[in-house]
Student: 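The structure under discussion is supplied below as structure tokens; questions concerning it will follow.
Given the structure is predicted, the values throughout are model-derived calculations rather than measurements. Just so it is clear, the values below take in all heavy atoms, side chains as well, and ignore hydrogens, waters and symmetry mates.
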Amino acid sequence: MNPVMLPVYIIAIVVGIPVISGTVTKIVKIIYADREEVRKRSRDYDNEAVLRMETDIRDLRRRVENLETILLELDRRK
């Protein structure tokens, strides 16, 4: 190892390690944040779908009850 280059190596290590670790940390945060955003959008979409299904089921139940009432009235008239 060349003694003249020793300070250069030390400076490269002292500056390089924080820069590399900071870059890796930022990349991991970006990837994690993107995944979390996708999960949140998926949860929101699923919640909306469940709410729509609940509303549709209530409407269907009301329609069936109305049809039952109509059929009972028809039977009573006969």
Student: Say you draw a straight line from CG of Leu67 to CZ of Arg63; how long is it, rounded to the nearest 0.5 Å?
Tutor: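 Between Leu67 CG and Arg63 CZ, I get 9.5 Å after rounding to 0.5 Å.
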Student: Does this structure show an ion pair linking Asp44 with Lys40, if we count only N-O contacts that are shorter than 4.0 Å?
Tutor: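 Answer for the salt bridge query: yes.
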Student: Say you draw a straight line from CG of Asp46 to CG of Leu51; how long is it, rounded to the nearest 0.5 Å?
Tutor: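 Atom-to-atom, Asp46:CG and Leu51:CG are 11.0 Å apart.
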Student: Taking 4.0 angstrom as the limit, do Glu37 and Arg41 come out as a salt bridge?
Tutor: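 Here Glu37 pairs with Arg41 in a salt bridge, since their nearest N and O are under 4.0 Å apart.
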Student: With a sphere of 6.0 Å drawn around CZ of Arg39, does it hold more than 12 non-hydrogen atoms of other residues, nucleotides or ligands?
Tutor: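 Yes, because the 6.0 Å sphere around CZ of Arg39 holds more than 12 heavy atoms from other groups.
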Student: In Å, rounded to the nearest 0.5 Å, how long is the span from CZ of Arg43 to CD of Glu36?
Tutor: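 Going from CZ on Arg43 over to CD on Glu36, the span is 5.5 Å.
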Student: Do Arg62 and Glu65 sit within salt-bridge range, that is, some charged N less than 4.0 Å from a carboxylate O?
Tutor: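 Salt bridge absent between Arg62 and Glu65.
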Student: Testing Ile27, Val28, Asp34 for side-chain contact (heavy atoms from CB on, under 4.5 Å) with Ile30, which one passes?
Tutor: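 Only match with Ile30 under side-chain contact (heavy atoms from CB on, under 4.5 Å): Asp34.
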Student: To the nearest 0.5 Å, tell me how far Leu60 CG sits from Arg58 CZ.
Tutor: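 It is 11.5 Å, given to the nearest 0.5 Å.
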Student: Find the distance between CG (Asn47) and CZ (Arg52) and round it off to the nearest 0.5 Å.
Tutor: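 The distance works out to 11.0 Å.
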Student: Would Leu6 end up clustered with Val14 when hydrophobic side chains under 4.5 Å apart are linked, directly or stepwise?
Tutor: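 In one cluster with Leu6: Val14, yes.
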Student: In Å and rounded to the nearest 0.5 Å, what is the CD to CG distance from Glu68 to Leu71?
Tutor: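 Rounded to the nearest 0.5 Å, the CD-CG separation comes out at 8.0 Å.
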